Number of protein chains: 2
Amino acid sequence: MTNDETLKGKRIAVIGSGAVGGYYGGMLAHGGHDVSFLMRADLEAVRSQGLRIFTKGNEIRLPRVAAFATTEEIGAVDLVIIALKTTANAELERLLPPLIGPGTALLTLQNGLGNEEFLAARWGAERVMGALCFVCINRTEPGVIRHLDQGSISVGEFRRPASARAQAIADAWREVSIEAKAVDNLAEERWRKLLWNIPFNGLSIAARANVGAVLADDGLRSLARSLMEEGLDAARRLGHAIPDSFADWQIERSYSMGDYKPSSMIDYELSRPVEVEAIWGEPWRQGVAAGATMLRLEALHCIIAHLTRTA
Amino acid sequence: MTNDETLKGKRIAVIGSGAVGGYYGGMLAHGGHDVSFLMRADLEAVRSQGLRIFTKGNEIRLPRVAAFATTEEIGAVDLVIIALKTTANAELERLLPPLIGPGTALLTLQNGLGNEEFLAARWGAERVMGALCFVCINRTEPGVIRHLDQGSISVGEFRRPASARAQAIADAWREVSIEAKAVDNLAEERWRKLLWNIPFNGLSIAARANVGAVLADDGLRSLARSLMEEGLDAARRLGHAIPDSFADWQIERSYSMGDYKPSSMIDYELSRPVEVEAIWGEPWRQGVAAGATMLRLEALHCIIAHLTRTA
């Protein structure tokens with residue numbers, strides 16, 4: 001889908017149907033789009049009971065969902081939405097080829113840094129798009145997604161300004177009342193999201209503190225703010241003009257999340273892989289390479305890397 | 001004991017008979033000195049079975065130990081050895097007065113910064129001494145101490161050069177084969193010990209890593225070294241000329257400790273109070289006040305403070 005102005009009639013595949021894939025993909029299906037889901041753990045539950053999304057006091061039921069066990073069964077599509085954990089990126093080498101035709105776009109919703117680069121190196125930069133989800137969401141049981149707070153999504157192109165297809169994808173989400181926009185600087189949006197993930201996902205593991213617990217502890221809240229400032233400095237050195245006030249806004253908007261557990265905290269508690277390199281390792285390396293001083297992030301990354309390796 | 005040249009014939013009280021008090025106090029009793037122990041949890045076990053110290057392949061049995069439940073029963077002594085956790089310092093206001101006569105010396109073996117100052121403010125600076133124990137030691141059950149590695153002790157005066165009494169106390173430990181010395185700069189010795197405690201006790205809680213696990217993880221070992229460098233800079237700004245090579249030596253000497261769990265790790269695992277302010281908070285505050293940049297320590301302190309508050 002190169003210069004398309006609508007997602008109507010396009011074939012869409014969602015790879016990785018946890019909370020994020022289930023929510024953003026499910027909402028496209030809810031909007032009438034042709035969405036196929038690759039599922040593993042949830043396959044049987046979704047085939048028999050469909051997908052349920054609890055959002056803003058409503059329950060959205062999708063009784064018939066096109067769920068598949070392999071991408072061969074799905075075949076070539078116009079748009080692949082990638083919502084796999086970054087720790088499973090190696091699996092994409094096997095999962096993506098059956099989905100890719102001449103004009104297939106690859107849209108990663110994954111966290112952290114390095115994902116577009118991974119896709120571009122293998123399937124060509126022109127296919128690659130990314131989106132940042134600012135959302136509090138949990139998959140509470142197979143086929144059940146709970147949307148708790150926030151929910152905006154920013155869609156962009158890899159190292160290019162927003163395109164007609166980015167706008168078309170954003171429009172499709174807006175039609176189902178998701179706050180979506182096309183953005184010209186995807187890399188900057190990644191850093192904006194990281195400025196939240198680095199401290200809040202990080203302290204959820206290192207200090208076993210959910211969002212509310214970080215905000216309620218003077219020391220941790222101050223540390224979260226300082227980690228954001230380290231990230232702001234790195235982002236600026238990498239060419240992204242994010243204002244100081246963004247850090248305050250990130251702190252302020254977090255109060256409404258209550259005792260939300262970031263996805264990394266849930267992963268860590270359940271001994272599942274944590275996206276250590278995408279969220280802390282790669283930003284630290286890129287920041288330091290750009291001349292930033294990120295000593296708090298260095299400490300946090302070393303501690304989290306050890307905790308998640310030995311969990 | 002103001003200008004005494006020997007500990008012979010002096011009355012000694014040990015307050016806080018965990019691993020450190022039991023070992024250093026027990027070894028003085030083993031050397032024939034008159035030592036009374038204030039005990040709580042271990043009182044009955046020690047009264048019935050005595051104290052046992054396993055050290056360097058030997059078992060030292062002290063079948064009859066003068067163990068008491070109150071300091072009133074002990075009465076005034078010449079030397080009080082304080083081996084209570086710093087988190088229980090407030091209890092000293094009640095425990096110490098019965099032990100103090102006109103010439104009573106107060107020797108704290110406690111960790112971290114602020115302990116001599118606490119004693120000096122209440123009972124006079126001239127009484128106050130401190131000692132740093134570089135030792136791997138655990139109290140494995142009531143009345144049983146296991147000495148695992150290291151074992152040296154440095155005895156000094158509070159803000160004064162080493163005195164005859166400091167030398168006499170060190171001599172008493174040397175007579176029972178403990179590597180002991182009198183030191184002229186107690187504050188510098190405190191920082192030398194902190195340079196080990198800050199990273200190794202700290203990462204034992206934040207990263208749940210014992211000494212061997214820190215040394216085996218490239219990231220944590222490097223972080224431990226960086227935390228030592230922050231401490232070295234702070235110590236120098238506070239007037240202590242500790243050479244760079246000391247950090248390397250601290251790392252190197254730690255390999256022989258194997259999978260030793262620092263006392264803070266055991267405290268944390270058993271949900272006992274951890275000496276957060278003495279080991280991380282006060283060094284961070286003093287270092288920053290002296291102009292040092294201690295961002296890794298700042299992060300570590302915030303994380304540990306939260307973990308130990310909510311444990």
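In what follows, chains are A, B, ... by sequence order, proteins preceding strands, each numbered from 1. Predicted model, so just to flag it, every value in this text is computed and none were measured.
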Practice problem: Walk me through it: do A:Leu96 and A:Leu119 pass the test side chain to side chain contact (heavy atoms under 4.5 Å, CB included)? | Solution: CA-CA 10 Å; A:Leu96 284 194; A:Leu119 298 172; 3.9 Å; yes
Quiz item: Picking from B:Thr86, B:Thr108, B:Asn89, what satisfies side chain to side chain donor-acceptor pair (under 3.5 Å) with B:Asn115?
Solution: B:Asn89
Quiz prompt | Heavy-atom side-chain proximity of A:Asp267 to A:Lys85 below 4.5 angstrom | solution = yes
Exercise. Can you check whether anything in residues 190-207 of chain A gets within less than 4.5 Å of chain B, heavy-atom wise, and list it by number?
Key: A:Leu203, A:Ala206, A:Ala207
Quiz prompt | side-chain contact (heavy atoms from CB on, under 4.5 Å) partners of B:Arg94, counting only residues at least two apart | solution = B:Glu91
Exercise. Assess whether side chain to side chain contact (heavy atoms under 4.5 Å, CB included) is satisfied between B:Met257 and B:Leu148, documenting all intermediate values.
Key: CA-CA 8 Å; B:Met257 297 178 191; B:Leu148 304 171; over 6 Å; no
Quiz item: Quick one: does A:Arg221's side chain have a donor or acceptor within less than 3.5 Å of a partner on A:Leu215's backbone?
Solution: yes
Quiz prompt | Contact residues of residues 245-254 of chain A (partner chain B; heavy-atom separation under 4.5 angstrom) | solution = none
Self-check item: Per-residue contact mode, B:Ser226 against chain A (heavy atom under 4.5 angstrom)
Solution: side chain
Quiz prompt | Non-hydrogen side-chain atoms of A:Tyr260 and A:Met265 separated by less than 4.5 Å | solution = no
Exercise. Decide yes or no for A:Arg159 and A:Glu116: does some side-chain heavy atom of the first lie under 4.5 Å from some side-chain heavy atom of the second?
Key: no
Self-check item: Per-residue contacts, residues 275-296 of chain B versus chain A, heavy atoms under 4.5 Å
Solution: B:Leu295, B:Arg296
Exercise. Take B:Ile137 and B:Ile145 through the side chain to side chain contact (heavy atoms under 4.5 Å, CB included) test and state the conclusion after the steps.
Key: CA-CA 7 Å; B:Ile137 206 164; B:Ile145 311 287; 3.8 Å; yes
Quiz item: Using non-hydrogen atoms only, which part of B:Ile303 is less than 4.5 Å away from chain A: side chain, backbone, both, or neither?
Solution: both
Quiz item: With distance as the sole test, does B:Asn138 use its side chain to make a donor-acceptor pair with the main-chain N or O of B:Thr140 at under 3.5 Å?
Solution: no
Self-check item: Options A:Leu220, A:Leu300, A:Leu297, A:Asp218, ranked by heavy-atom pairs under 4.5 Å with chain B, top entry
Solution: A:Leu220
Exercise. Nearest 0.5 Å please: distance from the CG atom of A:Asp244 over to the CE atom of A:Met228.
Key: 12.5 Å
Exercise. Could you check if a side-chain atom of B:Leu186 sits within less than 4.5 angstrom of a side-chain atom of B:Leu132, using non-hydrogen atoms only?
Key: yes
Quiz item: Do the non-hydrogen side-chain atoms of A:Tyr268 and A:Lys261 ever get within less than 4.5 Å of each other?
Solution: no
Quiz item: Heavy-atom distance under 4.5 Å between the side chains of B:Gln150 and B:Cys133, does that happen here?
Solution: no
Quiz item: Please walk me through it: do A:Val128 and A:Glu117 pass side chain to side chain contact (heavy atoms under 4.5 Å, CB included)?
Solution: CA-CA 9 Å; A:Val128 179; A:Glu117 290 80 355; over 6 Å; no
Exercise. Using a cut-off of under 4.5 Å on heavy-atom pairs, state which of A:Val214, A:Leu227, A:Asp217 scores highest against chain B.
Key: A:Asp217
